[in-house]
Amino acid sequence: MCGIVGYIGNKKACPILIAGLTRLEYRGYDSAGVSTIEKKGLSIKKAKGRVKNLNTLDGINELEGTIGIAHTRWATHGKPSDENAHPHQDNSKTFSVVHNGIIENYTELRNLLENNGYHFYSQTDTEVIPNLIHYYFTKDKEKDSIMKFLRAVRNACLDLKGSYAIEVISSYFPDNMIVVRKDSPLVIGTCENEKYISSDIPAILSYTRDFYLLNDLEFTILSRTSAKFFDTELNEIKKKTDVIEWNSSAAEKDGYEDFMLKEIYEQPTAVRETIGSRISNNLKCEFEELKFTKEQLKKINKIYIIACGTAMHAGLSGKNTIEKLCRIPTEVDIASEFRYRDPIIDKNTLCIFISQSGETADTIAALKLAKSEGATTIAISNVIGSSITREADYSIYTHAGPEIAVASTKAYTSQVVLINILAIYFAEILKSTKKEILDNLKQEILSLPKKIEETLKCKDQILEFAKKVYQEKDMFFLGRGIDETVAKEGSLKLKEISYIHSESYAAGELKHGPIALIENGVTVIGIMTDEKLVEKTISNIQEVITRGAKTLIITNQKINYNSFNEAIVIPETNPLVSPILSVIPLQLLSYFISKEKGLDVDKPRNLAKSVTVE
Ligand code: AGP
């Protein structure tokens, strides 16, 4: 939630900051603002609404400063408004701050500051930060110096409870910026005489590939030519840069109308990258990041897969494969529930955390809990160096390339691929499944990129169907077994970007209640990719047809399609990996419905890409 950008160099900061915010807008888009260091002191320009509104503000084009900070907001405390937009300043207007995260004890801090004569002009939690910095800066009787500025920021941060990534500039220090993070993302891109700061890598990838990936509470003083890092005791620490291999065009639309459509079409490549060298042509399965022995795996008596939203749906498919191939009981948990439900964890528990961004607050908290209870932890993420990968014992990457659209598509398919390969890797070590079965599955995985290309050919058929149903108010998604996990993902996608209410159900469960909602004309989408279950699901779909439902089915089975209004036929594959193909028509359906309704596909209302608050 919320995106922050910073620049310190020799060019005018404002256009760079606005360009960065535009790229980060998927993180939040209800207000935006910039603050730069000008000859006369700090400037602030901010406005309610999208980032582009900044360009219409008086004086924005006259800003000359070469150091600045910027923010695009997803409101938590205080409604979207000009006053609540970031940056925020202290009462003397000496310090400007942008903040991503939540300050849980802000009421207490606000009272403390008010008792010391400070006034507040917004309803945000953030406004306490610049005032606290000012409070500590003026209390410190040492001569003004950059270390005194750093001390004030450090002291302020130690008072904060919650999560934050912050950038601070001051009119007293016109050549510096201080940045720090705790449980919220922040990276620093570095070039010879410039530093770029951002909530995530893609926003600044066009400037540099060399990044400092900050750990929690590493206080950083930036100048044009240097980045100095300090721990909470203000001892200097050394940090190396990481080189990020992503291609900068991966973060551009490249001729597609929207990022979501581009990302749907990138799935063959993304999945190829995920497979990488993990399954070779001679069907050897290797994970260079993992070093599990048979003895270690034998001891694992329980696996939890923990994630949120789409990543959790990928986890459901992981459970299916792990249980089938490894015979280890596996549970899938929503991270926000797991962390508070006192789960049974011990040193023989393996916890797998899935997160595209690697920055989802609930997933990080669940990971910390699992570690503290002694579990072995594996992070599956798409973002190198993201928070979950730094917390977990082992990290494996999907390598799907940056995913910008709020609705997750290629991240899901690559997560399903990766967790399937992980299950094969475990099964080979454990010798829990016959070689022929594993080899067959590996072959299927290797053929997926081609089969995804084949599946994408259903685009026109889906577009026509979307035109017929885009004005509907309700839809149902049904499936059994692995297909139910895809029904869940299809339903989430539809809600997210087309704002149509939808429900997903295990097809056999419908008659235990929800069938009461089926009436003439309601759209029901059935997914049937498992030979063993297809007849059962057909019977359930017949039950809704009898009650007047309009039906779309997605199948790879040779069945009579005539009883359904529309049938999308996808390539045959092993049911364990069928979600990778069967989800594609559903991604396209939600996309085309959203387009028919004239909605903003990439930035659906109320949502943000990376949910860094609880
Ligand atoms: C997907 O379309 C969603 N926007 C959302 O459910 C997302 O998958 C979830 O917030 C988890 O994000 P993460 O993978 O970055 O942790």
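The shown structure was predicted, so the numbers you read here are calculated from the model rather than taken from an experiment. First listed ligand is number 1; within each ligand, the first listed atom is number 1. Count residues from 1 along the sequence.
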What residue and atom, counting heavy atoms only, is the protein's closest point to [atom], and at what distance?
atom	value
atom 12 (O) of ligand 1	Thr360 OG1, 3.6 Å
atom 15 (O) of ligand 1	Ser357 OG, 2.6 Å
atom 10 (O) of ligand 1	Val611 CG2, 4.0 Å
atom 14 (O) of ligand 1	Gln356 N, 2.7 Å
atom 9 (C) of ligand 1	Cys308 O, 3.6 Å
atom 4 (N) of ligand 1	Glu496 OE2, 2.5 Å

Practice item. May I ask you to check whether Tyr394 and Phe287 place their ring centers less than 6.0 Å from one another? Key: no
Review point. Ring centroid separation for Phe292 and Phe426, is it under 6.0 angstrom?
Key: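 Yes, they do, as the ring centres are separated by less than 6.0 Å.
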Check your understanding: Do ligand 1 and Ala407 have nitrogen or oxygen atoms that lie under 3.5 Å from each other?
Key ->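 In fact, backbone or side chain, Ala407 has no N or O that close.
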**Study point:** N or O contact, Ser408 vs ligand 1, cut-off under 3.5 Å
**Key:** yes
Check your understanding: Counting N and O atoms only, with roles assigned by atom type, does the side chain of Glu286 sit under 3.5 Å from a partner on the main chain of Ser277, one being a donor and the other an acceptor?
Key ->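 Not a single qualifying donor-acceptor pair exists.
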Review point. Does Asp602 use its side chain to pair, donor to acceptor, with the backbone of Phe259 at less than 3.5 Å?
Key: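 Such a contact is found between Asp602 side chain and Phe259 backbone.
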Study note, to complete from the structure: By side-chain hydrogen bond (donor to acceptor under 3.5 Å, both in side chains), Thr330 pairs with (sequence neighbours left out) none
Check your understanding: Looking at side-chain heavy atoms only, is the closest gap between Leu186 and Thr220 below 4.5 Å?
Key ->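 No - every pair of side-chain heavy atoms lies 4.5 Å or more apart.
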Taking 4.0 angstrom as the limit and counting only heavy atoms of [X], give me the atoms of ligand 1 inside it, by number and element.
X	result
Lys493	1 (C), 2 (O)
Thr310	1 (C), 2 (O), 6 (O), 8 (O)
Ala311	8 (O), 14 (O)
Ser355	13 (P), 14 (O), 15 (O), 16 (O)
Gly309	6 (O)

Review point. Between Lys52 and Glu25, does at least one N-O distance fall below 4.0 Å, as a salt bridge requires?
Key: no
**Study point:** Short N-O contact, Lys182 and Glu104, less than 4.0 angstrom
**Key:**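 So Lys182 does not pair with Glu104 through a salt bridge.
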Point to revise | Pairs satisfying side chain to side chain donor-acceptor pair (under 3.5 Å), at least one member in residues 574-588, at least two apart | key: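 Side chain to side chain donor-acceptor pair (under 3.5 Å) check on residues 574-588 returns Gln267-Gln587, Thr529-Ser578.
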